[in-house]
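Chain identifiers are assigned alphabetically (A, B, ...) following the order of the sequence lines, protein sequences preceding nucleic acid strands; residue numbering begins at 1 within each chain.
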Amino acid sequence: MARPNEEVEALLQEYADLIAITGGEAFKARAYEKAARAIGGHPTDVSRLDAAGLREIPGVGRSIAEKVVEYFRTGRVETIEERRARIPNGVRRLMAIPTLGPKKALALYEDLRISSVDELADAIKAERLRDLKGFGEKTEANILHGIELMRQAGGRILLSAAMETAEDIVTTLSGIDGCEDCAYAGSLRRMKETVGDLDILVAAARSAPFMNALTELPATAEVLVHGPKKTSVRTSEGLQVDLRVVRPASWGAALQYFTGSKAHNIHTRTLAVRAGLKLSEYGLFETESGERVASRTEAEVYERLGLPWIPPTLREDRGEIEAGLRGELPAVVTEDDIRGDLHTHTDLTDGLAPLEDMVTAAAARGYAYYAVTDHAPDMSMQLMTDDKILAQRERVRELDGRHHRMRLLHGTELNIGPEGDVDWPDDFLRDFDLCVASVHSHFGLGRDAMTRRIVRACENPYVNVIGHPTTRLIGRRPGIDADFDEVFAVCARTGTALEINAQPDRLDLGDEDILRAKEYGVKFAVDTDAHSIPQLAHLRYGVGTAQRGWLTTDDVINTWPLRRLRSFLRKERAGRPA
DNA sequence: GCCGTTTTCGGCCCGACTGTTTTCAGTCG
């Protein structure tokens, strides 16, 4: 459903970047960026709209509507192609480096003919940037640091992007005659925050129709390997896709094998060997007789090894096998367990959709409750005022219970200042149903000051959830430096939950921090931080991350009935023991 | 390029931070 919207969003964003690089038309670039966001966040499929329908989307006027129509009619937009021809695509990719914007990217291209990240790294090493106006020592260091961050991501792409491509492919292959089963495996199935390549598995008697279909997908740019057992292609977005077709009788063993992780598989194979068995992608066999003892389903394979079926998100050899052998595998939280979203925005601040539309969309997801948490005044660009948020609260109260009896909570996302202070005093905060508080700036405070800052926010009796606690952006910005062990302890003591922000470029907290925080008895909120209706569906990535952190419903406050949640939100104000 | 009006052109979320400069441009949220 959302694919065409995202295609157009990416296209318009690219055009905006190209305009920004060529310069002189700043407001035009802004207009395209705004339209890109609006279309990306639009709840209905824009490929089905005509020009008049498109123009009803805020930020889309005559010119952009025509370009979108042209794109869906011909697959390209002439004026955008012209811009593309003037600026190599690598120049645009330079802008993905933090601290490097359109102006510096253009200077690098015009003065030094640098048009790729690798060339830039080489140029810095060769000290060729030294004489460039506006580039000093610090700038060089910042760029190098940014490139390092990008390389750590190592060509991996965000979970959400991989998921969309994989689901498209699975849908296509599942429709082919003879397909008995089809699924994605690998790190995607384990819901790792980034994915290096896609592993797709098909169970069928004949492989050729599936192998051919993969090579003929519209997204396929290049065929790397084309054989009867395995075919690999590279998509136009540079993602490698490996397809394997197996006999239906081997489905479970193959799925288990290709899901990994490698460490988990080594461990399960060791168990097999000790039991006089041999585990491969074809099945579980008696070592002596070579007889196959299990292979049709994953559960069957695990069972024969003395294990319960292990959710893919736990398969990292982080103790899940030992826990399974002891019969103590946690019942990890699922998307169905989530009763409501506790961190969302509307167009009162930087969201795209009006309150009424967000609430309707939330109700359609079957939530029992839903919190509206727009930004507070300290994020000055959001232009929030006391009057505006009070008027919103009145409207929230009116809508409360109108949709399938879904209860509405009125909250806000506070900004945690450098000293740990927040936007409003206690007597104003008191009347919110809940407050999320997040760090949005001053990322460079020293470790001690940063720790004090967050601890102080946790100690605020009205702060219920610390939003995106590390503020990392995957592949773009490292998390803040703080003593998180101290933060976790204070969260547990004060009844402050930590967010698992489901935005695919955040997934913050990440799985390893969750595992650590859980040890302190911290509670968590899995929230989307949605700024549009489609983003409400990002919840699945937050839930996957929570699973990777071994969380159960008892750990996640927004799986709880409203009564229990409300009691938690009162913090120590209701006489909670210190 | 969009929007909204003051109905046909002028404003477009605004402020802070950083690094390079010596008064400001670029980037970010």
Side-chain angles (χ1 to χ4, degrees), chain A residues 8 11-39 51-52 54-68 70 77 79-80 83 94-108 110 129-146 149 345-352 374-385 388 413-419 423 438-445 467-468 471-473 476-478 480 501 503 505-506 508 529 531:
Chain A
V8 173
L11 183 75
L12 296 181
Q13 180 60 53
E14 180 190 348
Y15 192 47
D17 288 345
L18 292 173
I19 292 168
I21 291 169
T22 32
E25 300 167 288
F27 285 113
K28 190 165 152 181
R30 285 259 282 282
Y32 275 96
E33 264 179 25
K34 200 170 160 227
R37 262 201 315 279
I39 288 175
L54 286 163
R55 291 189 62 177
E56 284 180 19
I57 301 171
V60 178
R62 195 169 61 87
S63 175
I64 293 179
E66 278 172 6
K67 287 187 177 69
V68 175
E70 181 186 348
V77 179
T79 45
I80 298 180
R83 289 262 177 175
L94 296 180
M95 287 172 61
I97 301 169
T99 74
L100 220 166
K103 295 294 188 294
K104 287 202 173 83
L106 183 67
L108 290 167
E110 289 203 318
L129 266 59
R130 291 289 157 86
D131 305 325
L132 212 52
K133 192 163 164 258
F135 288 76
E137 232 174 277
K138 284 288 184 75
T139 305
E140 274 186 10
N142 284 340
I143 292 174
L144 280 177
H145 182 236
L149 273 175
H345 296 272
T346 75
D347 64 358
L348 185 61
T349 55
D350 57 352
L352 285 171
D374 272 312
H375 287 290
D378 287 357
M379 292 283 282
S380 55
M381 71 212 182
Q382 307 296 352
L383 301 173
M384 180 55 86
T385 65
K388 277 163 117 176
E413 183 184 9
L414 300 164
N415 179 60
I416 305 176
E419 307 293 327
D423 308 60
S438 320
V439 166
H440 295 108
S441 60
H442 302 88
F443 304 121
L445 290 184
H468 43 75
T471 78
R472 69 152 176 188
L473 293 175
R476 295 195 357 243
R477 188 173 71 203
I480 50 177
N501 188 298
Q503 293 279 349
D505 61 345
R506 290 194 186 272
D508 182 12
D529 193 3
H531 284 65

Original post:
Rounding to the closest angstrom, what is the interatomic distance between B:dT8 and B:dC13 at atom P?
Top reply: 23 Å

Subject >> Step-by-step side-chain contact (heavy atoms from CB on, under 4.5 Å) determination, A:L473 to A:D508 >> reply: CA-CA 9 Å; A:L473 293 175; A:D508 182 12; over 6 Å; no

Original post:
If you check the A:H442 side chain, which of B:dG26, B:dG1, B:dA16 turns out closest?
Top reply: B:dA16

Subject >> Phosphate OP1/OP2 of B:dT20 contacted by A:T139 side-chain N/O (<4.0 Å) >> reply: yes

Original post:
Do the side-chain N or O atoms of A:R55 get closer than 4.0 angstrom to the phosphate oxygens (OP1, OP2) of B:dC3?
Top reply: no

Original post:
So which nucleotide does B:dC28 pair with, by the Watson-Crick or G-U wobble rule with both distances under 3.5 Å?
Top reply: B:dG15

Subject >> Worked check of side-chain contact (heavy atoms from CB on, under 4.5 Å) between A:H442 and A:E419 >> reply: CA-CA 10 Å; A:H442 302 88; A:E419 307 293 327; over 6 Å; no

Subject >> Of A:V60 and A:G444, the one whose closest DNA chain B nucleotide lies more 5' >> reply: A:V60

**OP:** Go through B:dG1, B:dG29, B:dC13 for me and flag the one nearest to the A:L473 side chain.
**Re:** B:dG29

Original post:
Using a cut-off of 4.0 Å on non-hydrogen atoms, how would the nucleic acid contact of A:F27 be classed: base, sugar-phosphate, or nothing?
Top reply: base

Original post:
Would you say A:N142 reaches B:dG19's phosphate, i.e. side-chain N/O to OP1/OP2 under 4.0 Å?
Top reply: yes

**OP:** Select one nucleotide: of B:dG29, B:dG1, B:dG26, the one nearest the side-chain heavy atoms of A:F443.
**Re:** B:dG29

**OP:** Please tell me which of the listed nucleotides, B:dG29, B:dG1, B:dT27, lies nearest to the side chain of A:I64?
**Re:** B:dG1

**OP:** Select one nucleotide: of B:dG1, B:dT20, B:dG26, the one nearest the side-chain heavy atoms of A:K104.
**Re:** B:dG26

Original post:
Whole-Å distance between B:dT20 P and A:E140 CD?
Top reply: 9 Å

**OP:** Could you please name the option among B:dC2, B:dT27, B:dT20 that lies closest to any side-chain atom of A:K138?
**Re:** B:dT20

Original post:
Roughly how far apart are A:D17 CG and A:T22 OG1, rounded to 0.5 Å?
Top reply: 10.0 Å

**OP:** Return the minimal non-hydrogen interatomic distance between A:V68 and A:I39, and the atom names on each side.
**Re:** CG2-CD1, 4.2 Å

Original post:
Looking across every strand, which nucleic acid part, if any, lies under 4.0 Å from A:S63 by heavy atom: base, sugar-phosphate, or nothing?
Top reply: sugar-phosphate

Original post:
Near A:K34 NZ, under 6.0 Å, is it more than 12 heavy atoms from other residues, nucleotides or ligands?
Top reply: no

**OP:** Identify, between A:G134 and A:G61, the residue whose nearest nucleotide on DNA chain B lies closer to the 5' end.
**Re:** A:G61

Original post:
The side chain of A:R476 lies closest to which of these nucleotides: B:dG29, B:dG19, B:dG26?
Top reply: B:dG29

